[in-house]
Amino acid sequence: MDGHSVRELVVGDDGEPVLTTGDILDAATGTVTRTYPWAPGKPSAITCYLTDAEWLLEDLGRAHDVFSLPPDKAAYRVRSDGQVLDRLDLMVDFIPVVHIPNSIPDVGERWGKSTLATVLQLLDELAATDTDSASASATTGTPIIALAGARLPMDRTTGQPLPVRVEAGSVWQLSDNGRMDTLDTSAQLAELRDRVDHLMDRLASNTRLTTAGIGSLDPAKVPSGYALQLALSPLDSLVGAMRLARNHKYQLLLRLVQRLHQAGRVWPAGESLPARLVWGAHTPTDRTTVLNDVTTGFEAGVFSLETAVRMLQEAGYPIDDVAEEIERIQKRAFDQAARLADATGDNVVVREYLGLPAADPVPKVPLIKPDTTGTWGNSSSDG
């Protein structure tokens with residue numbers, strides 16, 4: 001590549017462009033077109049090549065940049081099936097890379113901002129405070145002791161007192177004016193622990209994760225579920241903004257996955273289907289309350305069956321597919337089927353509602369009109 005959006009054709013030893021199945025070469029213009037599975041009837045002159053190689057720094061000079069690396073000095077990687085990754089045609093007309101931002105980018109900016117970018121200083125202070133707490137814990141658990149007037153064992157060679165270690169069961173003899181003092185650092189340790197709690201609260205507030213979201217909230221301080229929901233409202237706002245920033249990117253990612261499967265002949269040809277991600281609840285939910293609301297709303301005719309099942313799925317009930325769950329419910333809804341039969345009088349609609357196959361046609365029985373003598377058919381009487 002030379003840094004431009006158009007790449008030269010891959011040619012063989014004979015100088016002719018290398019064509020794959022489905023490629024068409026226009027002899028007049030020299031353009032190669034290809035019809036991709038997701039765009040039937042729309043030939044495209046665009047494709048994407050993949051090259052994965054390594055260069056040694058001593059093989060590169062000042063004149064080389066990312067667009068002018070010497071191909072004769074490259075060490076190309078090899079795929080597990082033996083394919084050399086040198087100008088490999090990916091059989092797609094797009095670059096298979098999707099950047100998913102963390103937030104909605106500002107004007108003139110494209111990447112967004114990390115949630116932790118605003119609290120990096122807090123994280124540094126939290127790490128430093130933990131280090132100080134560990135040091136203070138060491139001096140609190142094994143305090144510094146000062147002895148005065150103690151009879152310490154002496155080194156017979158040097159005549160100096162031997163070092164004294166604080167151990168369980170140690171006994172020291174003190175003179176009449178002797179004493180033992182300890183350096184108490186428990187107050188500093190308590191202060192450091194309070195500072196850790198303060199930093200955690202600031203971290204939860206500045207990141208909008210909330211103390212309930214990071215798990216440091218005391219459950220005994222929450223009077224009700226409504227109070228917990230209010231405490232989690234900043235987290236709801238944060239998650240909503242992050243999902244909004246990712247919504248379009250996730251749709252693009254799912255479209256990319258579809259087209260890669262089509263390019264690999266795993267999925268059939270056809271236009272890409274619209275797809276999106278459906279998120280579940282990220283905070284604790286009262287499933288019993290949701291179930292009661294859904295039941296009451298559906299029985300009152302306020303919620304449709306589709307909405308009711310979707311609400312149960314979002315509340316965390318084990319429902320994998322909404323359509324399949326509705327189909328299973330309707331197959332057992334005999335009371336609703338009876339009311340449907342009374343309202344429409346159409347047995348075909350009722351059987352479709354219950355998921356039953358079409359009934360066999362009822363054979364027509366010919367009707368025989370009576371003759372003038374009052375008897376049925378063409379039977380004759382004797383005598």
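Scope of the values below: all heavy atoms of this structure, side chains included, with no hydrogens, waters or symmetry mates.
- In this structure, the side chains of Val309 and Ile329 come closer than 4.5 Å at one or more pairs of heavy atoms.
- Ion pair Arg34/Asp89 flagged as a salt bridge, since at least one NZ, NE, NH1 or NH2 atom sits closer than 4.0 Å to an Asp/Glu carboxylate oxygen.
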**Study point:** Working for side-chain hydrogen bond (donor to acceptor under 3.5 Å, both in side chains), residues Asp26 and Thr33
**Key:** CA-CA 8 Å; Asp26 189 343; Thr33 59; over 6 Å; no
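- Scanning all heavy atoms of the two residues, the minimum distance from Thr211 to Ala204 falls at N-CB, 3.6 Å.
- A 6.0 Å sphere centred on CD1 of Ile144 holds no more than 12 heavy atoms belonging to other residues, nucleotides or ligands.
- The hydrophobic clustering, which links ILVMFWY residues whose side-chain heavy atoms are closer than 4.5 Å, places Leu244 and Leu253 apart.
- In this structure, CE in Met311 is found 6.5 Å from CG in Asp293, a value given to the nearest 0.5 Å.
- Of the possible donor and acceptor atoms, none in the side chain of Thr185 sits under 3.5 Å from a partner among the backbone N and O of Gln188.
- Other residues, nucleotides and ligands contribute at most 12 non-hydrogen atoms within 6.0 Å of the CZ atom of Arg179.
- To the nearest 0.5 Å, atoms CG (Leu69) and OG1 (Thr51) are separated by 11.0 Å.
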Point to revise | Stepwise side-chain hydrogen bond (donor to acceptor under 3.5 Å, both in side chains) check, Ser68 with Asp65 | key: CA-CA 5 Å; Ser68 60; Asp65 57 14; 2.6 Å; yes
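- Closest non-hydrogen pair, Gln313 versus Val322, comes out as OE1-CG2, 3.4 Å.
- Panel note: side chain Ser103, backbone Lys113; a donor-acceptor pair is recorded below 3.5 Å.
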Review point. Between Arg259 and Phe94, is a side chain to side chain contact (heavy atoms under 4.5 Å, CB included) present by the stated rule, with each step listed?
Key: CA-CA 10 Å; Arg259 294 187 176 183; Phe94 56 89; 3.9 Å; yes
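- Looking at Asn247, its side chain never comes within 3.5 Å of a backbone N or O of Arg243 through a donor-acceptor pair.
- At least one donor-acceptor pair closer than 3.5 Å links the side chain of Asp321 to the backbone N or O of Glu324.
- Hydrophobic cluster membership is shared by Leu252 and Leu256, with clusters built from Ile, Leu, Val, Met, Phe, Trp and Tyr side chains linked at under 4.5 angstrom.
- Expressed to the nearest 0.5 Å, how far OG1 of Thr210 lies from CG of Leu238 amounts to 9.5 Å.
- More than 12 heavy atoms of other residues, nucleotides or ligands lie within 6.0 Å of CG in Asp155, so this atom counts as buried by the packing criterion.
- Taking each heavy atom of Met242 and Asn102 in turn, the nearest pair found is CE-OD1, 3.3 Å.
- Within 6.0 Å of CZ on Arg77 lie no more than 12 heavy atoms contributed by other residues, nucleotides or ligands.
- Closest non-hydrogen pair, Leu235 versus Gly213, comes out as CD2-CA, 4.2 Å.
- More than 12 heavy atoms of other shown residues, nucleotides or ligands fall within 6.0 angstrom of atom CG in Leu183.
- Not one N or O on the side chain of Ser233 forms a donor-acceptor pair closer than 3.5 Å with the backbone of Gln229.
- Note on Val92: it does not cluster hydrophobically with Trp267, by side-chain heavy-atom contacts below 4.5 Å among ILVMFWY residues.
- Contact check for Tyr36 versus Thr47: side-chain heavy atoms found under the 4.5 Å cut-off.
- In this structure, CG in Leu192 is found 11.0 Å from CG in Asp197, a value given to the nearest 0.5 Å.
- Atoms CZ and CD, on Arg255 and Gln258 in that order, are 8.5 Å from each other to the nearest 0.5 Å.
- When all heavy atoms of Ser272 and Gln262 are compared, the pair lying nearest together is OG-OE1, 4.4 Å.
- Of all non-hydrogen atoms in Pro40 and Thr35, the two that sit nearest each other are CA-CG2, 4.1 Å.
- In the displayed structure, Arg79 atom CZ is contacted under 6.0 Å by more than 12 heavy atoms of other residues, nucleotides or ligands.
- Hydrophobic clustering, with ILVMFWY side chains joined whenever heavy atoms are under 4.5 angstrom apart, groups Leu199 together with Val119.
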Exercise for review: Begin with the C-alpha distance, continue with both residues' side-chain angles, and end with the deciding distance and a verdict on side chain to side chain contact (heavy atoms under 4.5 Å, CB included) for Tyr250 and Trp279.
Suggested key: CA-CA 12 Å; Tyr250 283 137; Trp279 302 96; 3.5 Å; yes
Practice item. Give the intermediate values and the outcome of side chain to side chain contact (heavy atoms under 4.5 Å, CB included) for residues Asp93 and Trp38. Key: CA-CA 10 Å; Asp93 59 348; Trp38 50 86; 3.3 Å; yes
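- Glu191 pairs by the salt bridge (charged side-chain N to carboxylate O under 4.0 Å, His left out) definition with nothing, not counting sequence neighbours.
- Residue Glu306 qualifies as enclosed at atom CD: its count of foreign heavy atoms under 6.0 Å is above 12.
- Between the side chain of Tyr317 and the backbone N or O of Arg287, at least one donor-acceptor pair lies under 3.5 Å.
- There is a path of hydrophobic side-chain contacts, each under 4.5 Å, that joins Val78 to Tyr76.
- Under a 3.5 Å cut-off, the side chain of Ser137 and the backbone N or O of Ser133 do form a donor-acceptor pair.
- The side-chain heavy atoms of Leu90 and Pro96, taken from C-beta on, include a pair separated by under 4.5 Å.
- Here the CG atom belonging to Leu126 is positioned 11.0 Å from the NE2 atom belonging to His198, to the nearest 0.5 angstrom.
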